[in-house]
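Each chain gets a letter, A, B and so on, in the order the sequences are listed, and its residues count up from 1. Just so you know, these numbers use all the heavy atoms, side chains as well, and skip hydrogens, waters and symmetry mates.
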Amino acid sequence: QVQVVQSGAEVKKAGASVKVSCKASGYRFTGYVVHWVRQAPGQGLEWMGWINGGNDNTKYSQKFQGRLTFTKDTSASTAYMELSSLRSEDTAVYYCARLFKLQDGRLDYWGQGTLVTVSS
Amino acid sequence: DIQMTQSPSSLSASVGDRVTITCQASQDISNYLNWYQQKPGKAPKVLIYDASNLQTGVPSRFSGSGSGRDFTFTISSLQPEDIATYYCQHYDDLLHLTFGGGTKVEIK
């Protein structure tokens with residue numbers, strides 16, 4: 001069965017970077033796109049971007065341009081999200097999710113979320 | 001950028017009530033619209049895709065309609081387990097996603 005498992009909670013100082021992992025199993029990692037979405041405490045969902053598991057394509061929300069990097073390790077079926085120059089407003093739960101298929105914007109399998117806390 | 005305006009931001013209804021949530025796009029988005037349910041402390045779960053299609057395994061009391069700019073999500077008979085926040089989500093040809101602000105559904 002499809003599973004998406006993320007790395008554990010992180011506490012970071014303002015100005016530092018954080019790297020969150022997203023390990024997929026139960027499906028062919030290279031055949032799907034992985035999206036990243038975050039949710040600040042008590043707030044709604046905010047889209048961050050995506051990485052294609054099968055090629056080098058990525059897309060980033062303009063809001064995070066220059067601070068956000070997606071990478072992957074296809075041999076480990078794992079995607080990574082790294083956010084730099086952290087500030088208190090980056091405190092949020094970060095989710096990765098599988099895109100059902102291209103031309104279809106459904107996110108059908110989600111990780112459990114990773115809480116990133118940024119302290120000053 | 002396309003904006004998605006969801007309303008109401010919260011609602012309170014009784015078990016068995018019909019619940020309706022609306023989502024309006026800032027421009028025509030055809031049917032590129034999905035609906036999610038998020039329970040506290042959990043990841044979102046897709047319920048409706050392409051405006052009106054029920055995701056596999058989702059109860060039939062959930063439905064969606066609309067196209068263009070105006071969309072509606074309906075729970076035909078509210079159940080206690082439906083307490084959650086619901087989000088609409090638009091996607092475009094470049095897989096850029098935009099979420100609505102969310103609607104928190106509570107039991108009266």
Side-chain angles (χ1 to χ4, degrees), chain A residues 1-6 9 20 22 24 32-55 57-65 68 70 79 92-115, chain B residues 1-10 21 23 25 29-58 62 64 67 71 73 84-105:
Chain A
Q1 72 283 20
V2 173
Q3 283 194 306
V4 181
V5 179
Q6 298 181 222
V20 176
C22 170
Y32 292 83
V33 169
V34 173
H35 283 254
W36 290 87
V37 175
R38 77 176 185 179
Q39 186 170 38
Q43 302 302 306
L45 302 170
E46 180 176 33
W47 179 74
M48 301 179 72
W50 55 258
I51 182 168
N52 190 318
N55 57 38
N57 292 344
T58 57
K59 182 170 178 63
Y60 299 98
S61 166
Q62 277 199 318
K63 176 175 179 176
F64 301 100
Q65 289 283 2
L68 182 59
F70 300 140
V93 175
Y94 289 76
Y95 292 102
C96 61
R98 187 185 83 163
L99 182 72
F100 176 68
K101 62 180 180 180
L102 295 176
Q103 294 87 42
D104 182 323
R106 242 182 300 180
L107 300 178
D108 62 345
Y109 286 95
W110 292 65
Q112 80 276 21
T114 297
L115 175 62
Chain B
D1 284 4
I2 293 174
Q3 308 300 317
M4 305 301 299
T5 303
Q6 201 174 325
S7 61
S9 57
S10 66
I21 297 168
C23 186
I29 61 169
S30 184
N31 68 333
Y32 294 177
L33 193 283
N34 303 321
W35 290 95
Y36 294 83
Q37 175 193 66
Q38 186 181 31
K39 295 184 177 181
K42 299 294 186 181
K45 171 187 172 184
V46 63
L47 302 180
I48 302 290
Y49 66 96
D50 291 345
S52 61
N53 297 291
L54 194 65
Q55 179 74 357
T56 302
V58 173
F62 297 101
S67 67
F71 301 86
F73 172 82
T85 300
Y86 294 84
Y87 295 92
C88 61
Q89 172 241 310
H90 163 60
Y91 64 96
D92 65 17
D93 291 342
L94 297 178
L95 303 179
H96 178 283
L97 308 184
T98 305
F99 289 93
T103 297
K104 186 174 184 179
V105 174

Only counting residues at least two apart or in another chain, list the ones meeting salt bridge (Lys or Arg N to Asp or Glu O under 4.0 Å) with [X].
| X | answer |
| --- | --- |
| Lys39(B) | none |
| Arg38(A) | Glu46(A), Asp90(A) |
| Lys104(B) | Glu106(B) |

Measure distances from [X] to the heavy atoms of chain A and classify the residue's part below 4.5 Å as side chain, backbone, both or neither.
| X | result |
| --- | --- |
| Tyr87(B) | side chain |
| Pro40(B) | neither |
| Ile48(B) | neither |
| Asp93(B) | neither |

Query raised in the report: Are any side-chain N or O atoms of Tyr36(B) and backbone N or O atoms of Ala43(B), one a donor and one an acceptor, separated by less than 3.5 Å?
Result: no
Query raised in the report: Which pair of heavy atoms, one from Gln37(B) and one from Tyr86(B), lies closest together, and at what distance?
Result: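 What the structure gives for the nearest pair is NE2-OH, 3.0 Å.
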Query raised in the report: So, for Tyr94(A) and Gln6(A), which heavy atoms are closest and what is the spacing to 0.1 Å?
Result: O-NE2, 2.7 Å
Requested in this report: Using distance alone, with no hydrogens and no angle criterion, decide if His96(B) and Trp47(A) have a side-chain donor and acceptor under 3.5 Å apart.
Outcome: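 His96(B) vs Trp47(A): no donor-acceptor pair found between side chains.
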**Report entry** Polar contact flag, side-chain donor to acceptor under 3.5 angstrom, Asp108(A)-Tyr32(A)
**Finding:** no
Report task. With chain A as the partner chain, list the residues of residues 3-10 of chain B whose heavy atoms fall under 4.5 Å from it, by residue number, and write 'none' if nothing qualifies. Result ->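 Within residues 3-10 of chain B, no residue comes under 4.5 Å of chain A, counting heavy atoms only.
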Requested in this report: Select one option (side chain, backbone, both, neither) describing which atoms of Gln39(A) are under 4.5 Å from chain B's heavy atoms.
Outcome: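 Just the side chain, heavy atoms under 4.5 Å.
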Query raised in the report: Measuring heavy-atom distances to chain B, does Val37(A) have an atom under 4.5 Å in its side chain, in its backbone, in both, or in neither?
Result: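 Just the side chain, heavy atoms under 4.5 Å.
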**Report entry** When Asn34(B), Val46(B), Leu97(B), Leu94(B) are compared by non-hydrogen pairs under 4.5 Å with chain A, the top option
**Finding:** Leu97(B)
Report task. Check Tyr49(B), Phe71(B), Phe73(B), Phe62(B) against Trp35(B) for a ring pair (Phe, Tyr, Trp, His ring centres under 6.0 Å) and give me the one that passes. Result ->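 Result: among Tyr49(B), Phe71(B), Phe73(B), Phe62(B), Phe73(B) is the only option passing the ring pair (Phe, Tyr, Trp, His ring centres under 6.0 Å) with Trp35(B).
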